[in-house]
Amino acid sequence: MARSFTLATWNINSVRIRTDLVERLAAERAPDVLCLQEIKCPEANFPSSVFRKLGYVHQAINGQKGYHGVAVLSRLPFAAIDRRGFCDKGDARHIAVTVDDGGDGVEIHNLYVPAGGDEPDATLNEKFAHKLQFLDEMAAWIGKAPAGRASIVVGDLNIAPLEHDVWSHKQLLGVVSHTPVETAALEAIRTGGGWVDAMRSHIPVPQKLYTWWSYRSADWSAADKGRRLDHVWACPAVAPRVAAIEVLRAARGWDRPSDHVPVIARIER
DNA sequence: ATGTCGTACTCCGTACGA
């Protein structure tokens, strides 16, 4: 019989200097599965033993030196692990696990989409061109009807697709993460693949919803100039099983925080 | 509104990515 579990996704912005924050999340929310992005270290330097002591004895890591990198920490065993490359760059931006939930299993894809630099013009900015190519490859991969498996996509997609996913739609239309070419591409991938935006199913438009606040703000909470860059997508079979979504805004105020906060989903059986 | 972070090398300051 399948059991319920909780799943968190969090861009940790260097896992080695924020192991204490992962410990705090484990103490306060105890997610069964934790998907991390921007671990910024190769697998050999990943602080596995710290997390093993927290009960995360199952760990799947795709890391590289200095930049990017993703990992899944889990109290549920993995039936499978997979890593996918994008844009032939050798970047560590994806890892998938199938968690054994006691039933047929749930496939979880953990993604870190390129940020895209500052200038939203692919002819002038290679990083933006890379982001658009990455989205093209995502479309070819998961932008078709989903396979007959229970699947979830989470991670830092570095795009705030909806008007109410940013503090000012009008002021951010020309800012990378909210430009029409990016938001249209991401929504086309999601809807084309039949993926359900689980965060918005639980916290609907027009409520403002953010998961990231820049470090370059004197008072991030008072200014509240956030963006929803982190996402939880569920395939049609899993969407009705997502019983709750929580954005842990308080984590942005923790000591030496990441600029992203965890998003936690409860998946019922 | 060019602001604050983290990482790596150029290695105690600078360059880069975000």
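So that the names make sense, note that chain A is the first sequence line, chain B the second, and so on, each numbered from 1.
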Is there any side-chain hydrogen bond (donor to acceptor under 3.5 Å, both in side chains) pair reaching into [range], and which pairs are they, with sequence neighbours excluded?
range                       : result
residues 216-226 of chain A : A:Trp213-A:Asp224, A:Ser221-A:Arg249, A:Asp224-A:Arg249
residues 75-91 of chain A   : A:Asp91-A:Arg93
residues 38-48 of chain A   : A:Asn11-A:Glu38, A:Asn13-A:Lys40, A:Glu38-A:Tyr112, A:Ser48-A:Gln59

Using atom [atom1] of each nucleotide, how far apart are [N] and [M] to the nearest Å?
N      : M      : atom1 : answer
B:dG6  : B:dC11 : P     : 23 Å
B:dA18 : B:dA1  : P     : 25 Å
B:dC16 : B:dT10 : P     : 12 Å
B:dT14 : B:dG3  : P     : 15 Å

Tracing side-chain links under 4.5 Å among I, L, V, M, F, W and Y, which residues wind up in one group with [X]?
X        : result
A:Phe46  : A:Trp10, A:Ile12, A:Val15, A:Leu21, A:Val22, A:Leu25, A:Leu34, A:Leu36, A:Ile39, A:Val50, A:Phe51, A:Leu54, A:Tyr56, A:Ile61, A:Leu73, A:Leu248, A:Trp254, A:Ile264
A:Tyr67  : none
A:Leu229 : A:Trp212

Most 5' of A:Cys41 and A:Tyr215 on DNA chain B, judged by nearest nucleotide: A:Tyr215
Whichever of A:Arg216 and A:Lys225 has its nearest DNA chain B nucleotide further upstream toward 5': A:Lys225
Salt bridge (charged side-chain N to carboxylate O under 4.0 Å, His left out): pairs with one or both residues in residues 176-185 of chain A, sequence neighbours excluded: A:Lys131-A:Glu182
Where at least one partner belongs to residues 161-181 of chain A, residue pairs that pass salt bridge (charged side-chain N to carboxylate O under 4.0 Å, His left out), sequence neighbours excluded: A:Asp165-A:Arg200, A:Asp165-A:Arg228
Residues touching DNA chain B, which here means a heavy atom under 4.0 Å, drawn from residues 127-138 of chain A: A:Lys127
Interface with DNA chain B, restricted to residues 116-125 of chain A and to heavy atoms under 4.0 Å: none
Range on DNA chain B touched by chain A - first to last nucleotide, heavy-atom distance under 4.0 Å: B:dA1 to B:dA18
Sugar-phosphate, base or nothing in reach of A:His260, heavy atoms under 4.0 Å: nothing
Spatial distance of atom CZ (A:Arg24) from atom CD (A:Glu28) [nearest 0.5 Å]: 4.5 Å
Side chain to side chain contact (heavy atoms under 4.5 Å, CB included) against A:Thr98, all qualifying residues, sequence neighbours excluded: A:Ala79, A:Ala80, A:Glu107
Sole residue of A:Trp233, A:Trp141, A:Trp195 in ring-ring contact (aromatic ring centres under 6.0 Å, His included) with A:His109: A:Trp141
